[in-house]
Protein chains: 2
Amino acid sequence: MTELTNLALFAGMSPAAIEEQMTVLRGQKTSVPKGSVLIREGERTERCGILLSGHLQGQQIDEDGGLSVITTLSAGMMFGEILIFSDRPAPVTLTAVTDCRVLWLGPVDLSRADSRLIQNLLNIIGKEYWALHQKIRYCSIVSLRKRILAYLSDREKSPNEPFSVPFDRNGMASYLNADRSALSRELSRMKRDGILDYHKNRFRLTEKKL
Amino acid sequence: MTELTNLALFAGMSPAAIEEQMTVLRGQKTSVPKGSVLIREGERTERCGILLSGHLQGQQIDEDGGLSVITTLSAGMMFGEILIFSDRPAPVTLTAVTDCRVLWLGPVDLSRADSRLIQNLLNIIGKEYWALHQKIRYCSIVSLRKRILAYLSDREKSPNEPFSVPFDRNGMASYLNADRSALSRELSRMKRDGILDYHKNRFRLTEKKL
DNA sequence: ATAATTCTGTTGCCATAGCAACCGATTTTG
DNA sequence: CAAAATCGGTTGCTATGGCAACAGAATTAT
């Protein structure tokens with residue numbers, strides 16, 4: 001239970017209050033094997049959840065059967081929380097890319113919810129909304145090189161420090177709306193041009209962006 | 001005051017309750033001339049608002065000074081409501097593309113907010129979130145023709161019926177992440193191919209999409 | 001009414017990046 | 001451990017669509 005106190009949803013709440021909300025929200029921990037689908041695009045859901053461990057991806061499938069990665073979720077992040085208060089169906093399919101543990105919540109009765117919890121919820125929604133806007137910003141950059149650079153710069157914690165991205169090349173290409181081979185090619189070029197260095201999913205930006 | 005009862009934020013609330021919340025939320029109607037900036041990208045804001053009349057656009061400016069249209073808002077829609085509960089700065093600049101009337105709200109004290117109001121708020125947020133996902137879906141379609149078609153199909157209310165888009169060509173191109181002339185060219189071709197017909201910002205989809 | 005500005009369509013040029021195909025490296029599975 | 005599958009890089013081909021420039025239409029301003 002102690003791990004719950006670290007969750008953003010319960011930030012600033014006493015263990016007792018958390019305990020109570022866990023009952024109200026019908027919290028339920030489950031194990032989710034790699035490859036499982038937690039939420040399916042186009043379907044309504046009344047539950048949301050928090051990823052306790054593992055790695056999720058939000059994906060869309062286009063009419064040609066192509067898979068497009070929209071989001072990645074790492075431990076501690078929440079999902080579906082916007083959905084449950086709206087009449088809209090899920091915009092993405094949520095898939096476990098590794099084995100996961102998930103805390104399911106809901107259905108949620110707003111009138112019985114702690115006001116601090118709602119505040120936390122809105123905060124979380126704000127962050128997610130922001131992340132979507134980031135993705136849109138990347139999308140709208142025409143030049144692949146600039147797009148890659150924009151993304152990597154945002155991931156960089158401090159200048160010149162190596163950092164990792166939550167994708168393999170395929171996922172990264174998909175997230176950045178690019179072809180995998182085109183991404184590989186451009187990364188090679190950027191390495192050649194001394195802009196960055198990388199190995200697998202670890203990157204390091206070297207000098208000024210051009 | 002009566003126009004307030006039609007707003008999604010106050011849905012299902014009594015005139016008296018609305019009146020009260022208007023005080024709590026410090027509602028304030030203002031006129032906003034065309035071209036004004038309501039929220040500036042990168043800045044924090046403590047107020048949100050509802051567009052009573054006119055037309056707004058959410059825009060991002062990329063590093064090359066290019067303008068990218070992210071959203072359009074028409075009368076009745078809310079803006080900034082996600083922002084005020086999060087510590088993130090505004091992801092877009094909100095600009096009045098026509099003269100507008102705006103109802104400003106905030107700062108908001110969650111603990112004094114009507115629970116129905118919060119429910120409405122979450123609902124509105126859900127819709128906006130969904131709209132963003134739509135835009136992302138369009139972005140991730142590589143073929144310009146298919147991208148246009150996806151967008152127009154979503155706007156079409158019923159088959160074969162004409163409908164309008166809330167953009168001029170420039171805005172539409174920007175929203176669809178395309179070059180204006182490329183969009184014009186592709187629209188011409190699609191008209192030639194009998195896929196659609198249009199005049200200015202009114203469109204009509206004719207036969208099956210290919 | 002006339003001028004000025006904005007909007008839309010058109011066209012030529014051509015670089016970017018998508019696609020396919022291949023290969024070696026790495027990881028997973030049995 | 002071997003076999004299979006996934007992953008990442010490379011390369012050639014080429015269509016798409018970005019860019020620039022122009023012109024006529026439409027809208028707005030004076």
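These numbers come from a predicted model, not from an experiment. In the text below, chain A, chain B and the rest are named by the order of the sequence lines, each starting its count at 1.
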Peer 1: Please classify the nucleic acid contact of B:Tyr198 as base, sugar-phosphate, or nothing, using heavy-atom distances under 4.0 Å.
Peer 2: sugar-phosphate
Peer 1: Can you tell me if CD on B:Gln28 sees more than 12 non-hydrogen neighbours from other groups inside 6.0 Å?
Peer 2: no
Peer 1: Within the structure, does a side-chain N or O atom of A:Ser188 lie under 4.0 Å from either OP1 or OP2 of D:dT10?
Peer 2: yes
Peer 1: Write down the distance between CZ (A:Arg169) and C1' (C:dG24), rounded to a whole number of angstrom.
Peer 2: 16 Å
Peer 1: Between A:Leu187 and A:Val142, who's closer to the 5' end of DNA chain D by nearest nucleotide?
Peer 2: A:Leu187
Peer 1: Tell me whether the rings of B:Tyr151 and B:Tyr175 are parallel (<30°), tilted (30 to 60°) or perpendicular (>60°).
Peer 2: tilted
Peer 1: Roughly, in whole Å, what's the span from NZ in B:Lys34 to P in D:dT28?
Peer 2: 7 Å
Peer 1: Is B:Asn201 touching bases, backbone alone, or none of the nucleic acid, heavy atoms closer than 4.0 Å?
Peer 2: nothing
Peer 1: CG of A:Asn170 versus P of D:dG8: gap in Å, rounded?
Peer 2: 7 Å
Peer 1: For the residue pair A:Lys191 and A:Phe203, establish whether any side-chain heavy-atom pair is separated by less than 4.5 Å.
Peer 2: no
Peer 1: So which atom in B:Gly126 and which in A:Ile82 form the shortest heavy-atom distance, rounded to 0.1 Å?
Peer 2: CA-CG2, 3.6 Å
Peer 1: Is any side-chain nitrogen or oxygen of B:Arg185 closer than 4.0 Å to OP1 or OP2 of C:dT11?
Peer 2: no
Peer 1: Roughly how many Å is it from NZ in B:Lys146 to P in D:dT16, rounded to a whole number?
Peer 2: 11 Å
Peer 1: When the distance from NZ of B:Lys191 to C1' of C:dT10 is rounded to whole Å, what number comes out?
Peer 2: 13 Å
Peer 1: Return the set of residues passing ring-ring contact (aromatic ring centres under 6.0 Å, His included) with A:Phe10 (not counting sequence neighbours), or none when no residue passes.
Peer 2: none
Peer 1: Take the protein atom CG of B:Leu183 and the nucleotide atom P of C:dT10, then report the distance between them rounded to whole Å.
Peer 2: 12 Å
Peer 1: Look at A:Lys200 and C:dA25 and indicate whether a side-chain polar atom (N or O) is within less than 4.0 Å of OP1 or OP2.
Peer 2: no
Peer 1: Please report the distance, rounded to the nearest Å, between CZ in A:Arg147 and P in C:dT16.
Peer 2: 13 Å
Peer 1: Decide yes or no, distance alone: a donor-acceptor N/O pair under 3.5 angstrom between the base of D:dG9 and the side-chain of A:Arg180.
Peer 2: yes
Peer 1: If you take atom types as modelled and just measure distance, does the side chain of B:Arg145 reach the base of D:dG17 with a donor-acceptor pair under 3.5 Å?
Peer 2: no
Peer 1: How many whole angstroms separate atom CG of A:Asp179 from atom C1' of C:dA21?
Peer 2: 12 Å
Peer 1: State whether the distance check finds a donor on one side and an acceptor on the other, under 3.5 Å, for side chain A:Ser181 versus base C:dA17.
Peer 2: no
